[in-house]
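Below is one structure, written out as structure tokens; comments come after it.
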Amino acid sequence: MPRYAAIDIGSNSIRMEAAEVLPDQPPRILASDREVTRLGESVFRTGSISEEPIKATCAVLSRMATLYRKLDVVGVRAVATSAVRDANNQADFLARASAAAGTPVEIISGREEARLIHLGVETNWPQTGKRTLIIDIGGGSAEIIASGDGHLREAFSRPLGAVRLKEIFLRTDPPTTRQLHQLTEYILEKLVTPLRRLGPGEWDRAIATSATAAAVASAAARVPRSKRDAIDRVRISAAQVRRLYAHLATLSLAGRRRVTGIGPRRAEIIVPGLAVLSEFLREFGLDSFYYSRAGVRDGIIADLAARNVGAELSRLSREQRAEVEEMCRRYGVSLAHARKVASITSLLFTALQPLHQLPPSAGKLLEAAAYLHDVGHYVSSVGHHKHSYYVVSNSDMPGFTERERLLIAALCRYHRKALPSPVHNSYQALAGEDKRVVTLAIPILRLADQFDRNPEQRIEVVDCRMRNGTVVLQVRSPGDIDLEEWGVERAGETFRQIYNRDIAVVKAKP
């Protein structure tokens with residue numbers, strides 16, 4: 001299945017995550033990285049991002065890009081939030097950060113940040129049937145999100161980030177009573193609008209995300225940072241939050257660093273972050289919160305998957321499709337049949353990615369072969385698959401490399417009859433990886449071809465799912481599909497031989 005990468009450039013730290021998106025399952029994390037850069041410190045003091053954090057950020061982005069490039073991701077999105085939104089030198093920062101990350105870095109609004117946070121939470125922990133209030137306390141801002149039955153209802157971005165508040169209010173260590181009072185009054189002022197719009201109400205659940213929430217949950221549950229994964233979805237009472245805040249606010253930095261669950265860098269900004277969480281719970285009448293490890297990066301990956309980003313990598317370009325369709329016309333192939341087989345082939349290629357694990361580029365070759373597998377009928381219907389190989393391998397095909405043309409020809413050669421054999425010189429001439437591509441793609445093309453045996457094209461839709469080790473192909477058709485089922489059963493033998501999986505065909509109920 002497709003792999004995506006997300007980069008979240010926050011006011012306190014940069015986070016990267018790369019994941020593989022599987023049908024009906026949470027994304028499978030392939031790589032994760034985080035580095036504290038404190039971009040917001042200079043912004044909240046002077047209005048600009050200073051040179052040192054820019055250099056540090058670019059070095060981190062370059063390292064993260066190296067990580068996700070090794071994973072063959074098909075889509076990347078890099079976003080910058082509160083600190084960069086406020087910086088008067090954001091254009092220079094974006095240019096340098098984009099070059100380091102190898103992908104454009106964009107500034108997102110507070111509302112877009114809230115949308116991605118909500119999407120990340122829902123992807124990892126669906127809140128079906130619940131009225132949920134989510135708070136994400138970042139370095140520069142806090143996002144407050146109201147959700148109902150898994151749908152975002154309202155969102156507010158307030159300047160209540162932990163780094164921002166420390167720079168503005170906490171000038172001594174430990175902070176004075178007056179500084180803490182000023183901090184609290186400011187937080188309450190910024191909560192007025194969301195409180196007025198949402199009201200205390202009856203919330204089924206409050207969820208807190210971000211590193212501040214993770215540190216609070218870890219400290220309250222006495223879980224060391226090395227075991228932070230264990231606190232995902234843990235419940236922490238408002239009373240625990242208040243006690244922790246009262247305790248940490250009296251400690252020096254050295255004392256806060258000794259508290260279990262609070263990291264050395266987090267200890268520098270935990271007091272203002274805790275103050276925001278404590279007042280949020282109190283003002284909204286919440287007796288507890290649940291911590292969720294999800295965040296902006298999870299939302300980005302879910303969003304990329306929902307928009308099917310990268311799908312174009314496995315599909316023919318407009319020019320390539322025009323070329324193969326012209327070849328179909330030249331050699332008398334029914335375009336209706338070719339297009340139908342190509343459509344089903346692409347669907348099966350995507351749905352079966354967890355099995356074949358071929359790169360997206362292989363999908364283009366398979367789609368082209370689906371168009372061209374019958375061109376050999378122009379020469380003779382006897383052994384037409386061999387003639388298809390000859391026609392394609394010897395054709396001038398603008399838009400395709402020589403390697404791609406020979407792979408397409410090989411797929412046409414094996415769309416029926418015998419599988420590749422040591423005595424087949426054309427197959428043996430292929431490179432090792434190209435042999436693997438052809439072998440794994442053959443059953444997909446054979447299945448797709450069998451679904452369009454009738455000139456009436458009775459198959460409207462094919463849905464492919466894997467269930468208990470069996471590949472289930474559910475088809476929608478207005479008529480009987482006996483002939484197609486027979487054909488798929490025959491092609492299923494090849495599928496079983498190569499993938500060691502059974503095929504089941506089920507007709508969808510009208």
Side-chain angles (χ1 to χ4, degrees), residues 6-17 32 34 36 39-40 79-86 107-125 127 132-147 150-166 187 190-191 193-195 197-198 203 205-218 228 231-234 236 241 266 269-270 272-281 283-284 286 288-303:
I7 297 176
D8 173 15
I9 304 173
S11 304
N12 181 61
S13 62
I14 304 175
R15 295 169 179 265
M16 185 280 293
E17 189 166 281
S32 183
R34 176 179 180 270
V36 174
L39 273 183
V79 303
T81 55
S82 182
V84 185
R85 284 198 293 263
D86 292 356
I107 300 173
I108 58 172
S109 67
R111 289 184 62 81
E112 171 66 358
E113 187 176 355
R115 184 186 76 87
L116 292 172
I117 292 165
H118 177 264
L119 184 57
V121 170
E122 282 294 326
T123 300
N124 285 272
W125 189 18
Q127 300 296 306
T132 309
L133 201 57
I134 301 170
I135 185 168
D136 180 281
I137 304 167
S141 65
E143 276 60 51
I144 298 171
I145 304 153
S147 175
H151 301 286
L152 190 152
R153 302 302 185 193
E154 287 196 78
F156 302 86
S157 182
R158 313 305 290 156
L160 296 175
V163 175
R164 183 191 298 271
L165 296 179
K166 176 185 177 296
I187 293 170
K190 297 303 177 185
L191 289 178
T193 299
L195 189 61
R197 291 283 297 275
L198 302 176
W203 300 98
R205 178 172 290 163
I207 295 175
T209 65
S210 78
T212 288
V216 171
S218 295
R228 188 166 284 184
I231 62 168
D232 189 37
R233 307 185 190 184
V234 71
I236 303 297
V241 173
R266 182 58 47 180
I269 57 173
I270 189 62
L274 249 174
V276 174
L277 182 57
S278 180
E279 293 306 317
F280 166 79
L281 295 172
E283 290 297 296
F284 281 92
L286 302 164
S288 65
F289 78 89
Y290 289 82
Y291 166 68
S292 172
R293 62 160 299 278
V296 168
R297 62 204 181 282
D298 303 275
I300 289 174
I301 288 171
D303 192 51

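What you see is a predicted model, and the numbers here were worked out from it, not measured in a lab. Start at 1 with the first residue, then count along the sequence.
- Here the rule is side-chain contact (heavy atoms from CB on, under 4.5 Å) with Ile300, and of Leu119, Val79, Ile7, Ile108 only Val79 fits it.
- One finds the NE2 atom of His118 at 13.0 Å from the CG atom of Asp136 (value rounded to the nearest 0.5 Å).
- Contact between Thr81 and Gly10 at its shortest, heavy atoms only, is OG1-CA, 3.5 Å.
- Annotation: the span from Arg297 atom CZ to Ile14 atom CD1 amounts to 13.5 Å, rounded to 0.5 Å.
- The two atoms that bring Ser218 and Arg228 nearest to each other are OG-NE, 3.6 Å, heavy atoms only.
- With contacts defined as side-chain heavy-atom distances shorter than 4.5 Å, the pair Phe156/Leu198 qualifies.
- The CG atom of Asn12 sits 4.0 Å away from the CD1 atom of Ile269 when rounded to the nearest 0.5 Å.
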Let's go through Val84 and Ile107 carefully: what are the C-alpha distance in whole Å and the side-chain angles of both, what is the deciding distance for side-chain contact (heavy atoms from CB on, under 4.5 Å) to 0.1 Å, and is it a yes or a no? CA-CA 7 Å; Val84 185; Ile107 300 173; 3.7 Å; yes
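- Distance alone, capped at 3.5 Å, places no donor-acceptor pair between the Asp303 side chain and the Gly299 backbone.
- Once rounded to the nearest 0.5 Å, the distance linking CD1 of Ile134 with CZ of Phe289 reads 13.5 Å.
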Stepwise side-chain contact (heavy atoms from CB on, under 4.5 Å) test for Val216 and Ile270: CA-CA 8 Å; Val216 171; Ile270 189 62; 4.2 Å; yes
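- When every heavy atom of Ile231 is checked against every heavy atom of Tyr291, the shortest pair comes out as O-CD2, 3.5 Å.
- Judged by distance alone, the side chain of Glu122 and the main-chain N or O of Gln127 form a donor-acceptor pair under 3.5 Å.
- The ring pair (Phe, Tyr, Trp, His ring centres under 6.0 Å) test applied to Phe284 returns Phe280, not counting sequence neighbours.
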Evaluation steps, side-chain contact (heavy atoms from CB on, under 4.5 Å), between Val276 and Ile135: CA-CA 10 Å; Val276 174; Ile135 185 168; 4.3 Å; yes
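- Judged by distance alone, with hydrogens and angles left aside, the side-chain atoms of Ser210 form a donor-acceptor pair with the main-chain N or O of Ile137 at under 3.5 Å.
- Taken to the nearest 0.5 Å, the CZ atom of Arg111 stands 11.0 Å off from the CD atom of Glu143.
- Remark: the backbone N or O of Ser292 is not paired with any side-chain donor or acceptor of Thr209 at under 3.5 angstrom.
- Distance check: Leu160 CG to Arg164 CZ gives 8.5 Å after rounding to the nearest 0.5 Å.
- In this structure, Arg153 places its CZ atom where more than 12 heavy-atom neighbours from other residues, nucleotides or ligands lie under 6.0 Å away.
- Shown here for Lys190 and Pro194, the closest heavy-atom pair between the two residues is O-CD, 3.7 Å.
- In summary, Glu17 and Arg293 engage in a salt bridge, as defined by a charged side-chain N under 4.0 Å from a carboxylate O.
- Put simply, the side chain of Ser11 gets close to the backbone of Gly140: a donor and an acceptor are under 3.5 Å apart.
- Scanning all heavy atoms of the two residues, the minimum distance from Arg85 to Ser157 falls at NH2-OG, 4.0 Å.
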Run Leu277 and Thr212 through side-chain contact (heavy atoms from CB on, under 4.5 Å) and show every step you take. CA-CA 9 Å; Leu277 182 57; Thr212 288; 5.5 Å; no
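- The two residues Leu152 and Ala114 come nearest to each other via the heavy atoms CD1-O, 4.1 Å.
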